[in-house]
Amino acid sequence: MARRRTLTRLLLAPATAAAALIGFAAAPAHAVIWSSSDQWGNYTTSDGYILYNNIWGSGAGAQTVWANSSSNWGVWADHPNTGGIKSYPNAKKIVNKPIGSLASLTSNYNVTVPSSGAYNTSYDIWDTDYDYEVMLWVNYNGAVGPLGTSQGNVTLGGHTWAVYKGDNGANQVFSFLRTSDSSSGTVNILPILKWIKDTKGWWGNETIGDVQFGYEITSSQGGLDFRTNGFNVSSS
């Protein structure tokens, strides 16, 4: 989809002090181990996950990410009701293994998301060269949609998905939209990657670099909370 740039190479100015105050006020009342309203604020947890505020789109408002751990973190965001993706706050696990050498790649998720706004809750999986992007939408709300053209439905990894294939000018994008919303579950990611490689031939034996999970937010006017109650990625 559009370039959410968890691979941004430039560190831009942080959010304004006023936005930071608004964001921190919206974080949970209890103490957290980390919180940031900086545009590119990031934090590495003790178990090797990287949390990232990642406000990358134009016309964005205030946003604060907070964390107790890689599996207990959340975002407060107040982005205007305009088109275009504003941010993709996420937690990332680095895999760095070719598809052919993976015996397993799975993830569990449990989230609490708002009933208003425009967003998707999604995995964003990249090869190490950032030539290919695989998005797995587990739920979505409002005026949002995938890049590219429909490739039909497929049942893989424990879920049924509507598949789309596109190109954003920087990389190819394969989007899998769960055909019914889910707030918790397990995704067996490896069969999806092998289906792209072996069944469709859309890529070769790519080395999977990042497995990210978070919230691609288009609008959240007035301030909305997105909470990750559980999350992990395991590979072998």
Side-chain angles (χ1 to χ4, degrees), residues 1-2 4 6 49 70-75 85 88-95 97 99-100 102-115 117-127 132-166 168 171-203 206 208-218 226-236:
M1 187 164 263
R4 63 196 48 76
T6 47
Y49 291 80
S70 60
S71 60
N72 179 217
W73 61 276
V75 177
I85 301 162
Y88 179 62
N90 67 85
K92 174 174 75 174
K93 185 70 170 181
I94 297 173
V95 175
K97 290 183 179 180
I99 296 168
L102 283 165
S104 66
L105 179 59
T106 62
S107 180
N108 300 303
Y109 63 92
N110 184 304
V111 300
T112 302
V113 292
S115 58
Y119 63 86
N120 65 69
T121 304
S122 57
Y123 289 87
D124 206 9
I125 302 162
W126 294 87
D127 69 303
Y132 300 98
E133 178 182 12
V134 180
M135 296 201 74
L136 311 178
W137 294 24
V138 297
N139 62 60
Y140 43 99
N141 190 74
V144 295
L147 180 73
T149 57
S150 173
Q151 307 294 312
N153 288 7
V154 65
T155 299
L156 292 166
H159 305 264
T160 300
W161 315 91
V163 183
Y164 293 79
K165 182 176 182 287
N168 63 23
N171 52 268
Q172 292 189 48
V173 184
F174 312 130
S175 299
F176 293 71
L177 280 62
R178 201 176 187 278
T179 53
S180 60
D181 283 345
S182 170
S183 60
S184 65
T186 299
V187 181
N188 189 358
I189 299 171
L190 185 56
I192 298 171
L193 305 183
K194 287 185 172 181
W195 182 81
I196 296 170
K197 172 180 172 288
D198 298 328
T199 302
K200 304 304 288 185
W202 291 341
W203 63 5
E206 299 297 324
I208 301 303
D210 305 346
V211 176
Q212 304 164 12
F213 178 79
Y215 310 96
E216 193 173 56
I217 306 171
T218 293
F226 302 79
R227 293 175 180 256
T228 303
N229 308 308
F231 167 65
N232 66 39
V233 175
S234 60
S235 63
S236 63

Walk me through whether Val233 and Leu105 qualify under side chain to side chain contact (heavy atoms under 4.5 Å, CB included). CA-CA 7 Å; Val233 175; Leu105 179 59; 3.9 Å; yes
Could you pull out the closest heavy-atom pair between [X] and [Y], with the gap in Å?
X	Y	result
Ser184	Asn110	CB-ND2, 3.6 Å
Asn139	Ser183	ND2-CA, 4.3 Å
Ala118	Ala143	CB-N, 3.8 Å
Pro89	Val75	CB-CG2, 3.5 Å

So, [X] side chain and [Y] main chain: donor-acceptor pair closer than 3.5 Å or not?
X	Y	value
His159	Thr186	yes
Asp210	Lys92	no
Tyr109	Ser182	no
Thr179	Trp161	no

Please round to the nearest 0.5 Å and tell me the distance separating atom [atom1] of [X] and atom [atom2] of [Y].
X	Y	atom1	atom2	result
Ser236	Lys97	OG	NZ	6.0 Å
Ile125	Leu136	CD1	CG	4.5 Å
Tyr164	Met135	OH	CE	14.0 Å
Ile217	Tyr119	CD1	OH	9.5 Å
Leu193	Asp198	CG	CG	10.5 Å
Ser235	Ile94	OG	CD1	11.5 Å

Lys194, NZ: over 12 other non-hydrogen atoms inside 6.0 angstrom: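 For Lys194, atom NZ is not crowded (no more than 12 foreign heavy atoms under 6.0 Å).
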Steps toward side chain to side chain contact (heavy atoms under 4.5 Å, CB included) verdict (Val154, Thr199): CA-CA 12 Å; Val154 65; Thr199 302; over 6 Å; no
Derivation and outcome, side-chain hydrogen bond (donor to acceptor under 3.5 Å, both in side chains), residues Tyr49 and Ser71: CA-CA 9 Å; Tyr49 291 80; Ser71 60; over 6 Å; no
If we only count heavy atoms from C-beta on, is the [X] to [Y] side-chain gap below 4.5 Å?
X	Y	value
Ile192	Val187	yes
Leu102	Val95	yes
Trp195	Phe176	yes
Ser107	Tyr123	yes
Trp126	Gln212	yes
Thr106	Asn232	no
Ile99	Leu190	yes
Trp203	Val134	yes

Worked verdict on Phe213 versus Val111 for side chain to side chain contact (heavy atoms under 4.5 Å, CB included): CA-CA 11 Å; Phe213 178 79; Val111 300; 3.7 Å; yes
Among Asn90, Thr121, Asn120, find the one that has a side-chain hydrogen bond (donor to acceptor under 3.5 Å, both in side chains) with Glu216.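 Going through Asn90, Thr121, Asn120 one by one, the side-chain hydrogen bond (donor to acceptor under 3.5 Å, both in side chains) with Glu216 is satisfied by Asn120 alone.
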Do you know which of Tyr140, Trp73, Tyr88 makes ring pair (Phe, Tyr, Trp, His ring centres under 6.0 Å) with Tyr215?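 Only one option passes, and that is Trp73.
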Could you walk me through whether Asn229 and Thr112 pass the side-chain hydrogen bond (donor to acceptor under 3.5 Å, both in side chains) test, one step at a time? CA-CA 7 Å; Asn229 308 308; Thr112 302; 3.0 Å; yes
